[in-house]
Amino acid sequence: MRPFEYAHPETEAQAVELLNDHGGDTAILAGGTDLIGLMKQELLSPERVVDLQHVESMRGIAPTPDGVSIGALTTLEEIADSQLAVDYPSLLNVVDGHRSIQIQSMGTLGGDLCHLPNCWYFRNGYGLLATEDGESLVEEGDNRYHAILGANGPAKFVSASRFAPALIALGAQVRILGPGPEDEETVPLEYFYITPKTESQGVNVMKPGQFVSHVLLPSAVSRDAQLAKQSAAYEVLEIEGLDWPLAAAACSLEIDGGIVRDAKVVLGQVAPTPWVSHEAASAIIGRPLTEETADEAGRAAVASARALSKNEYKIWQAKTAVKRALLAAAGLPTGGL
Ligand SMILES: Cc1cc2nc3c(=O)[nH]c(=O)nc-3n(C[C@H](O)[C@H](O)[C@H](O)COP(=O)(O)OP(=O)(O)OC[C@H]3O[C@@H](n4cnc5c(N)ncnc54)[C@H](O)[C@@H]3O)c2cc1C
């Protein structure tokens, strides 16, 4: 690991200043479960690390007039122990999928949302686009865990965040601070992620010197219809331990009189960004949610998927994840393909 300067602000304003009053590269440290590894491997070598752990205003969960605000430093464990787990069950599904007490107590929501891809070419120094001499290493290489949707361009990795699909389905926004002292913007999480076309573009809309301070969730009750939003997430995991999902899906539904009035379906771990499937939502809106309609939605979600040489299995897993997330949100048994 290269030497670096360590800064520990106590306020959001100090954090913005410390990230931006330095001429060189800076990096945000939250739980540190991923960043420290990236620095040890010298995949990232910031000159200054800004540790947000002492910024109290970025911790915990608080009600807002429209819903709830979750500090980016809130740990997975704090989410599981809160009212969020009751009102937004999809978030509890995601925490439960992290089968590691250590990660649940150290990993933060902001760290999950900003997690860099797990693509093994990226993690071995070949960059986000995983190229050598201008050629993609993924197309003909070991692409078992790469993207099946949205990967027609040079980026073939899958978005790492496990919370993003559930949060996007719930209509979350992120509050972004910096780089200027007064700069603050609120961005729908759905539009936070980008698929890079060049190595320098990154995986989200944040510019250097910016960070996520909070996630804002709308109320779990729909304002128009006064219906409770029903949500669930389903992750396909290869082992009964800490691992990254092979495919995932999350949804939020409004069901009235047995008919789906509104739906949002988002896939994870299958594309360079969380993947909103309007096709899956259209397949169930205006219809009762049954095993058959959930299955149709799953098929619609992957209709445009394109497998690489070694990951066709992900298409079937993604289809099943959508079906099971929908059935779980509706309180129905989730078994079967
Ligand atoms: C050995 C090991 C194995 C792991 N395996 C798995 C696994 O199999 N599956 C799994 O789901 N998780 C795994 N994790 C955990 C994963 O790293 C965490 O789940 C979590 O995503 C990271 O949260 P963090 O707060 O520790 O992030 P950090 O490591 O602090 O940060 C992660 C990234 O996000 C950036 N960042 C953090 N917070 C912000 C913010 N507020 N604004 C902007 N950028 C920010 C950082 O700069 C960094 O690039 C593993 C961790 C370890 C140590």
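Order of appearance sets the numbers: ligands from 1, and atoms from 1 within every ligand. Note that the coordinates shown come from a computational prediction; the quantities given were computed from them, not determined experimentally. Computed over heavy atoms, backbone and side chain alike; hydrogens, waters and symmetry mates excluded.
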Trainee: If you measure every N/O of L76 against every N/O of ligand 1, is any gap under 3.5 Å?
Mentor: no
Trainee: With atoms numbered from 1 as shown, which atoms in ligand 1 lie under 4.0 angstrom from a non-hydrogen atom of A72?
Mentor: 41 (N)
Trainee: Of the protein's non-hydrogen atoms, which lies at the shortest distance from atom 46 (C) of ligand 1, and what is that distance?
Mentor: I28 O, 3.2 Å
Trainee: For ligand 1, which is the ligand I care about here, please tell me if L52 has any N or O atom under 3.5 Å from one of the ligand's N or O atoms.
Mentor: no
Trainee: Is K314 reaching over with its side chain to a backbone N or O of Q269, donor-acceptor style, under 3.5 angstrom?
Mentor: yes
Trainee: Salt bridge check: are D295 and R324 linked by an N-O gap of less than 4.0 Å?
Mentor: no
Trainee: Are the charged groups of K323 and E296 less than 4.0 angstrom apart, N to O?
Mentor: no
Trainee: Can you list the atoms of ligand 1 that are under 4.0 Å from a heavy atom of M206?
Mentor: 43 (C)
Trainee: Of the protein's non-hydrogen atoms, which lies at the shortest distance from atom 13 (C) of ligand 1, and what is that distance?
Mentor: W244 CZ2, 3.4 Å
Trainee: Would you call Q210 a ligand 1 contact, heavy-atom distance under 4.0 Å?
Mentor: no
Trainee: Any N or O of M58 that comes nearer than 3.5 Å to an N or O of ligand 1?
Mentor: no
Trainee: When you check the gap from the basic side-chain N to the acidic O, do E238 and R99 get nearer than 4.0 Å?
Mentor: no
Trainee: In the protein, which heavy atom is nearest to atom 11 (O) of ligand 1, and how far is it?
Mentor: R162 NH1, 2.7 Å
Trainee: Got a donor-acceptor contact below 3.5 angstrom from the H146 side chain to the E139 backbone?
Mentor: no
Trainee: Does this structure show an ion pair linking K264 with E190, if we count only N-O contacts that are shorter than 4.0 Å?
Mentor: yes
Trainee: Enumerate the atoms of ligand 1 whose separation from the nearest heavy atom of D34 is less than 4.0 angstrom.
Mentor: 17 (O), 29 (O)
Trainee: Protein heavy atoms: any of them under 4.0 Å from atom 16 (C) of ligand 1?
Mentor: yes
Trainee: Taking only residues at least two apart or on different chains, which pairs with a member in residues 227-272 satisfy ring pair (Phe, Tyr, Trp, His ring centres under 6.0 Å)?
Mentor: H115-W244
Trainee: Examine the proximity of ligand 1 to L35 and report which part, side chain or backbone, both or neither, has a heavy atom under 4.0 Å away.
Mentor: both
Trainee: Does R59 have any salt bridge (Lys or Arg N to Asp or Glu O under 4.0 Å) partners at least two apart in sequence or in another chain, and if so, which?
Mentor: E56
Trainee: Can you check which of L29, T33, V50, L177 brings a heavy atom nearest to atom 52 (C) of ligand 1?
Mentor: T33
Trainee: Just jot down the ligand 1 atoms closer than 4.0 angstrom to any heavy atom of D112, in number order.
Mentor: 21 (O), 23 (O)
Trainee: Out of L43, T75, L242, V55, who gets a non-hydrogen atom closest to atom 5 (N) of ligand 1?
Mentor: L242
Trainee: Give me the nearest non-hydrogen protein atom to atom 33 (C) of ligand 1 as residue plus atom name, then the distance to 0.1 Å.
Mentor: C114 O, 3.7 Å
Trainee: With a cut-off of 4.0 Å, which atoms of ligand 1 are near a heavy atom of F211?
Mentor: 42 (N), 43 (C)
Trainee: For atom 19 (O) of ligand 1, which protein heavy atom lies nearest, and how many Å away is it?
Mentor: I103 CG2, 3.5 Å
Trainee: Looking only at protein heavy atoms, which one is nearest to atom 32 (C) of ligand 1, and what is the separation?
Mentor: G111 O, 3.7 Å
Trainee: Show which atoms of ligand 1 fall inside a sub-4.0 Å distance from at least one heavy-atom site of T108.
Mentor: 23 (O), 24 (P), 25 (O)
Trainee: Protein heavy atoms: any of them under 4.0 Å from atom 1 (C) of ligand 1?
Mentor: no
Trainee: A27 near ligand 1, heavy-atom distance under 4.0 Å?
Mentor: no
Trainee: Salt-bridged, K207 to D183, with N to O below 4.0 Å?
Mentor: no
Trainee: Is any side-chain heavy atom of L18 closer than 4.5 Å to one of T26?
Mentor: no
Trainee: Nearest protein heavy-atom contact for atom 28 (P) of ligand 1: which residue, which atom, what distance?
Mentor: G32 N, 3.4 Å
Trainee: Taking Q201 for the side chain and T198 for the main chain, is one N or O donor matched with an acceptor at less than 3.5 Å?
Mentor: yes
Trainee: CG of L128 to SG of C119: how many Å apart, nearest 0.5 Å?
Mentor: 8.5 Å
Trainee: Within the structure provided, determine whether L113 and Y193 are in side-chain contact (heavy-atom separation under 4.5 Å).
Mentor: yes
Trainee: Quick test: of every protein heavy atom, which one is nearest to atom 42 (N) of ligand 1, and how far off is it to 0.1 Å?
Mentor: V212 N, 3.0 Å
Trainee: Tell me if a side-chain donor or acceptor on Q230 pairs with a main-chain N or O of A329 at a distance below 3.5 Å.
Mentor: yes
